[in-house]
Asker: 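The structure under discussion is supplied below as structure tokens; questions concerning it will follow.
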Amino acid sequence: MTVKTRFAPSPTGDLHIGGARTALYSWLHARKEGGTFLLRIEDTDRERSTQASLDAILEGMAWLGLDYDEGPIFQTDRFDRYAEVIQQLMDSGHAYYCYCSREELDAMREKQWANKEKPRYDGRCRHRTEPVAGVEPVIRFRNPDEGDVVIKDLVKGDIVINNRELDDLVIARSDGTPTYNLTVVVDDIDMGMTHVIRGDDHINNTPRQINIMEALGATIPAFAHVPMILGDDGKRLSKRHGAVGVMHYRDAGYLPEAVINYLIRLGWSHGDQEVFTMEEMLKYFKLSDINGAASTFNTEKLNWMNQQYFKSLPAETIAGHLQWHIEKQGLDISKGPSLTDVIEGQRDRAKNLVDFVESSRYFFEDFDSYDEKAQKKQFKAGVDATLQFIHDKLSALPEWNPEAIDAVIKASCEELELGMGKVGPPLRLAVAGTPMSPSLDVTLNLVGRERTLARIEKAIAVIGGMTE
RNA sequence: GUCCCUAUCGUCUAACGGUUAGGACAUCGCCCUUUCACGGCGGUAAUCGGGGUUCGAAUCCCCGUAGGGACACCA
């Protein structure tokens, strides 16, 4: 059978980093098997569903490169079908009206809690034949009383739950709208899901869903319950931990390739390998290799992963991801070296895209002041003469390229009988305004002759203007 | 409280009954070096506790303990 998986978020917030990982696993499983991946929006809770959340989810998926073959399918478009199935369950005796009031149910649960029992509906309306006047009933699924439900989970192994732990869940609200457990079941059946991959916070729903599926005579799909992602306090990752929305990671300067790689390795492994190409991910990924235990999100390692991709991705790809940040930070790169050349020069030292833009400004724009500490240390009396010497040699250069520039700097050191340590730092500060930049030949080459010479002249003036 | 899941360095993990318990991040030292980085070499650091099974247990079983999850007319 052709594999079919889905990602089924509810549009009640950003695309959470944990949801993104689940989506990635589902996507990977479908893609590697040549199957179909579907996006379904579980928006039956109209109170909490928002357009902004939907947009955020779609945006997050797109940014990560998780494309889908079908969808987005909205559950709110399928109410007729849910009503049909609910009627079918009523007709077959698998469901019944329940007239219990909120107060009655609360009292029931309270008593059970007091008796140290698991709060569950006791089925008191199961045999009611007459409606209760003035009460719009809900519809409950008649859960089997005895026997075990076995979840054959690809991640956790077999999970056995006795039907005595389950109760008759509400499948239709008093206003007739279907609830989650019903819609999921109907959709997963109708849409032909072969694998249900979702967070393990759903494990408790699974036996109920299996029971409904069986009542409907449907084939039970395979399940894979993926563990939660925890924050560094060991608690389930949430807004309290700061960055949970996927788009936050774009904003913070992470490369989607790095986020994907970090996410796949969080809770899944293939021997000792850390960095995977997409081809390798598709080749090696197996649901059964997902770790059954929850894992803690670690930003330090994500940072490292981001740097790995910074170093290895084609400059053009990085340039593409950079566009958004360049615009955001208002950097004009129209006058200056080519962006890909700057990427080649900076890729070993940039931590992320935000940092990249910030620390590459001097390639494109002039600066008003120098790094304070460095200025104090490097711009001392006498240095102006050194800079002047180099300036003259550079201006006489027939060709402006790294090799020629390097030769000038080395020759200057020799002629002035100074070590590179005396010449390099002030020259760098003069041209870049900061003590951090690629090697001098690369830096000056990228800054360009005209700008380099002007900046050296300016530095000489600054040094000359200092009180002796 | 009840049920479910989980348990190897601080973190992510490897090990599929026999290893000096391996790798990666972080951290600490050294090297490289014109800055910042990159890189290279090395160090510290783990099988939750107790019982079994076995010639042999991180690995299998049981009991604790701890963490997480679920117990809605939310999804």
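What you are looking at is a predicted structure, and each value in this text was computed from that prediction instead of being measured. Letters go in sequence order (proteins before strands), and every chain restarts at 1.
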Asker: In B/S/- notation, 5' to 3', how is nucleotides 70-75 of chain B contacted by protein heavy atoms closer than 4.0 Å?
Answerer: SBSBBB

Asker: With a sphere of 6.0 Å drawn around CD of A:E110, does it hold more than 12 non-hydrogen atoms of other residues, nucleotides or ligands?
Answerer: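 Open: at most 12 neighbouring heavy atoms sit under 6.0 Å from CD of A:E110.
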
Asker: I'd like to know if A:R102 and A:E104 make a salt bridge, using a cut-off of under 4.0 Å between side-chain N and carboxylate O.
Answerer: no

Asker: Regarding A:R140 and the six-membered ring of A:Y121, is the cationic atom NZ or CZ under 6.0 Å from the ring centre and inside 45° of its axis?
Answerer: yes

Asker: Who is the Watson-Crick or G-U wobble partner of B:A15, with both distances under 3.5 Å?
Answerer: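 Partner of B:A15: none.
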
Asker: So A:K301, base contact, sugar-phosphate only, or nothing? Heavy-atom distance under 4.0 Å.
Answerer: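 Base contact.
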
Asker: Taking pairing as Watson-Crick or G-U wobble with both contacts under 3.5 Å, can you name the mate of B:A66, or confirm there isn't one?
Answerer: B:U6

Asker: Among B:U2, B:C25, B:U13, which nucleotide sits nearest the side chain of A:N298?
Answerer: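 Nucleotide nearest to A:N298's side chain: B:C25.
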
Asker: Output one letter per nucleotide in nucleotides 32-40 of chain B: B when a protein non-hydrogen atom lies under 4.0 Å from the base, S when only the sugar-phosphate is that close, - when neither is.
Answerer: --BBBBSS-

Asker: Which residues, if any, of residues 142-155 of chain A bring a heavy atom under 4.0 Å of RNA chain B?
Answerer: none

Asker: Tell me, with the steps shown, if A:Q346 and A:F310 meet side chain to side chain contact (heavy atoms under 4.5 Å, CB included).
Answerer: CA-CA 9 Å; A:Q346 293 278 65; A:F310 237 111; over 6 Å; no

Asker: Looking at the angle O4'-C1'-N9-C4 for a purine or O4'-C1'-N1-C2 for a pyrimidine, is B:C41 syn or anti, with syn meaning within 90° of 0?
Answerer: anti

Asker: May I ask you to decide whether A:D168 forms a salt bridge with A:R126, counting only side-chain N to carboxylate O separations under 4.0 Å?
Answerer: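 Yes, charged N to carboxylate O under 4.0 Å.
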
